[in-house]
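Okay, so here's the structure we're looking at.
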Protein chains: 2
Amino acid sequence: MTDDIGISIADVDPHLLRTFVAVAETGSFSAAAQRLRYTQSAVSQQIAALEADLGTALLTRRPVALTTAGERLHRHANLILVRLEAARADVTRAIAPPGRLILGLTPLAWSEPVSAALARIRGDSARLRSHVLVDGRDRIVTAAATGEIDLALVDGFTAPNDPLRLPEPGAQVAVGVAGSPAVVAVPDRHPLARRAALDLNDLADAYWIDAPMVAPFSRLPVDGLRAGLRYEGADVTVLTGLVAAGHGLIVLPAPLVERRPGLTGVPIAAPRLVHRVELLRTPNDEEPAGRLAALLGAQPLQ
Amino acid sequence: MTDDIGISIADVDPHLLRTFVAVAETGSFSAAAQRLRYTQSAVSQQIAALEADLGTALLTRRPVALTTAGERLHRHANLILVRLEAARADVTRAIAPPGRLILGLTPLAWSEPVSAALARIRGDSARLRSHVLVDGRDRIVTAAATGEIDLALVDGFTAPNDPLRLPEPGAQVAVGVAGSPAVVAVPDRHPLARRAALDLNDLADAYWIDAPMVAPFSRLPVDGLRAGLRYEGADVTVLTGLVAAGHGLIVLPAPLVERRPGLTGVPIAAPRLVHRVELLRTPNDEEPAGRLAALLGAQPLQ
DNA sequence: TGCATTTACGAGACACGTAATCATT
DNA sequence: AATGATTACGTGTCTCGTAAATGCA
């Protein structure tokens with residue numbers, strides 16, 4: 001196979017991309033320089049080089065803002081940088097499988113089986129250094145891609161049988177590990193608590209709690225819900241407490257609601273909705289992450 | 001926002017990645033050098049640099065083959081390079097929206113509505129330079145990511161309501177535009193033609209035609225089908241001809257089979273299976289690609 | 001006038017090619 | 001021996017920092 005033709009455009013320099021992202025995020029050449037530990041001058045030159053390479057202005061100066069082309073590049077840039085990191089992390093793990101297990105999960109991905117599996121693993125290899133990180137979905141997905149965490153569990157609400165629609169940041173594969181009905185959580189004495197089922201579309205005018213880190217309704221397949229309260233935390237106990245206190249409604253997995261006194265879960269008639277938990281895995285399952293994945297019921301890949 | 005801490009690992013040099021991919025694919029330093037128009041020496045140095053950077057051997061020499069770490073890197077490398085190209089293409093299109101429309105599709109993604117929409121577009125802007133490219137799924141998806149084509153239609157078989165599971169190569173979003181029942185295509189006089197419905201799992205021992213470019217059954221949610229014939233083409237007419245002539249069975253969309261004399265489509269009882277066509281779009285819909293997308297019934301993004 | 005970006009310039013690092021060397025079949 | 005990867009070395013390019021210049025509020 002001696003094809004000698006493979007004329008390729010020059011690569012976009014990731015170094016420049018990183019600088020570009022820094023400028024875009026800080027909104028300032030000097031601030032970006034500070035963050036990257038460069039001089040202002042270097043940043044200016046790098047942006048100029050990138051603009052020359054791409055043949056267009058990426059930023060306006062004074063004030064610094066993204067142009068249309070800049071916005072497009074920015075969308076790609078972060079993904080590229082994450083991938084680059086992910087590649088390095090993946091190779092690194094091939095050399096020295098870490099003697100640690102860092103499990104990352106979104107708040108609602110936690111469940112008894114997860115707890116049990118983790119306990120089992122830690123029982124097996126007693127001196128395993130293990131961490132658990134709870135954060136919002138995007139953070140967890142990115143961390144899984146870059147190898148910052150070894151295994152990720154993310155949750156979300158979808159139509160039955162639908163996989164979660166995840167942002168695609170790494171070369172991971174999502175495998176479903178758990179599913180349960182979705183319900184609207186309401187206080188026990190709330191008028192809706194006696195209803196047999198609800199149509200979310202009829203509840204657009206109800207007061208909802210938007211909890212971006214836990215159960216953002218921007219990702220529900222329903223339009224126009226209005227948030228009466230925005231909850232910035234990642235703690236589910238506080239969140240259910242808010243619901244029980246009557247601050248608003250929220251969609252949650254049924255088993256969780258059942259376990260909270262003061263809360264009633266009302267089934268959702270439409271749209272058809274389930275709560276799903278998916279495991280994010282790289283094609284190579286390092287131990288002990290692979291064993292945990294197996295305990296959670298994920299099949300070996302391929 | 002003047003956070004000055006952002007210590008970051010050095011990026012993996014895409015230049016080196018490209019060389020690495022060339023070596024991995026050609027299985028030879030010299031062949032890679034030829035393809036990239038470098039000297040052997042340069043390639044050798046680049047691989048050495050990459051291995052030093054990552055701290056591990058990526059390739060064995062004599063014979064040249066990927067190590068474990070090398071395999072991992074290889075999986076990432078192509079995706080990264082595609083993304084890099086995609087970023088450049090996307091920015092380029094922001095500057096000068098192309099006065100052309102290149103539509104890429106997998107063979108079974110073609111349908112009357114697609115044809116009609118394309119005719120409509122071409123009627124609107126008479127002198128529109130338009131191309132149509134038909135190829136296998138991976139090629140089409142990659143081409144859409146790199147901007148080689150402006151709009152892509154890809155098809156596949158999934159469970160009802162499931163989206164297609166596409167390899168994730170660019171920053172595209174898939175939107176379903178068509179669906180139809182999946183059937184097993186058999187010759188009219190075939191014994192199975194009289195059956196009301198079939199369970200694919202019972203047909204593992206039948207003779208199948210595997211057509212990787214058209215309807216690869218490796219992507220069907222059924223295990224262990226055996227191919228009696230492998231069809232390497234992308235032409236559907238030849239393929240249905242082979243089926244009609246009794247060379248084997250294949251799963252196809254019902255409407256297609258109905259239109260072919262000599263073929264009978266037998267409904268599939270299990271697993272539940274539909275044929276879907278999805279439109280791949282970048283977040284920015286350049287004209288005229290955006291108009292075609294709209295004609296095909298895709299909603300504006302976001 | 002003052003703060004922020006750009007330009008000019010020189011020093012160091014880097015990556016290529018040439019060519020000699022080494023290794024494997 | 002011959003094919004093919006590596007090493008040594010020189011040259012040109014590139015990118016950084018310093019410092020001076022420019023430009024917008």
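Letters go in sequence order (proteins before strands), and every chain restarts at 1.
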TODO: Kindly say whether B/Ala65 contributes a backbone atom to a donor-acceptor pair with the side chain of B/Thr60 at under 3.5 angstrom?
DONE: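 Looks like yes, one N/O pair under 3.5 Å.
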
- [ ] Would you check if the side chain of B/Ser44 reaches a backbone N or O of B/Gln40 as a donor-acceptor pair within less than 3.5 Å?
- [x]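 Absent.
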
TODO: Pick out which of A/Leu50, A/Leu73, A/Val12 makes a side-chain contact (heavy atoms from CB on, under 4.5 Å) with B/Val91.
DONE: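 The residue from A/Leu50, A/Leu73, A/Val12 that satisfies side-chain contact (heavy atoms from CB on, under 4.5 Å) with B/Val91 turns out to be A/Leu73.
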
Measure [atom1]/[X] against [atom2]/[N] and give the value in whole Å, please.
{"X": "B/Glu51", "N": "D/dA5", "atom1": "CD", "atom2": "C1'", "result": "12 Å"}
{"X": "B/Phe29", "N": "D/dT7", "atom1": "CZ", "atom2": "P", "result": "11 Å"}
{"X": "A/Asp13", "N": "C/dA15", "atom1": "CG", "atom2": "P", "result": "11 Å"}
{"X": "B/Ile47", "N": "D/dG4", "atom1": "CD1", "atom2": "P", "result": "17 Å"}
{"X": "B/Leu16", "N": "C/dA15", "atom1": "CG", "atom2": "P", "result": "7 Å"}
{"X": "A/Arg37", "N": "D/dG17", "atom1": "CZ", "atom2": "P", "result": "12 Å"}
{"X": "B/Asp53", "N": "C/dA15", "atom1": "CG", "atom2": "P", "result": "10 Å"}
{"X": "B/Gln40", "N": "C/dA20", "atom1": "CD", "atom2": "P", "result": "15 Å"}

Task: Earlier contact from the 5' end, DNA chain D, for A/Tyr38 and A/Pro63 - done: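 Checking each residue's closest nucleotide, the 5'-ward one belongs to A/Tyr38.
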
Task: 5' precedence on DNA chain C between A/Val64 and A/Gln45 (nearest-nucleotide basis) - done: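 The 5'-side residue here is A/Val64.
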
Open item on the list: Counting only side-chain heavy atoms from C-beta out, which of C/dT6, D/dG17, D/dT7 sits nearest to B/Ser44?
Closed with: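 Shortest atom-to-atom distance from the side chain points to D/dT7.
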
- [ ] Consider the side chain of A/Ser41, meaning its heavy atoms from C-beta on, and name the nucleotide among D/dA5, D/dC16, D/dT18 that approaches it most closely.
- [x]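 Comparing D/dA5, D/dC16, D/dT18 against the side chain of A/Ser41, the answer is D/dT18.
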
TODO: With rounding to the nearest 0.5 Å, note down the distance linking CZ in A/Phe20 to NE2 in A/His74.
DONE: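 NE2 of A/His74 is found 6.5 Å from CZ of A/Phe20.
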
TODO: Name the nucleic acid region contacted by B/Ser30, choosing base, sugar-phosphate or nothing; use a 4.0 angstrom heavy-atom cut-off, strictly under.
DONE: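 Sugar-phosphate, no base atom in range.
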
Open item on the list: Using a heavy-atom cut-off of 4.0 Å across all strands, would you classify B/Gln46 as base, sugar-phosphate, or nothing?
Closed with: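 Contact class for B/Gln46: sugar-phosphate only.
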
- [ ] Give a yes/no on whether any side-chain N or O of A/Arg61 is located under 4.0 angstrom from OP1 or OP2 of C/dT6.
- [x]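 Looking at the OP1 and OP2 atoms of C/dT6, one of them is under 4.0 Å from a side-chain N or O of A/Arg61.
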
Open item on the list: For A/Asp11 and B/His15, which I'm curious about, is there any donor-acceptor pair between the side chains at under 3.5 Å?
Closed with: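 Checked: A/Asp11/B/His15 side chains show no N/O donor-acceptor pair below 3.5 Å.
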
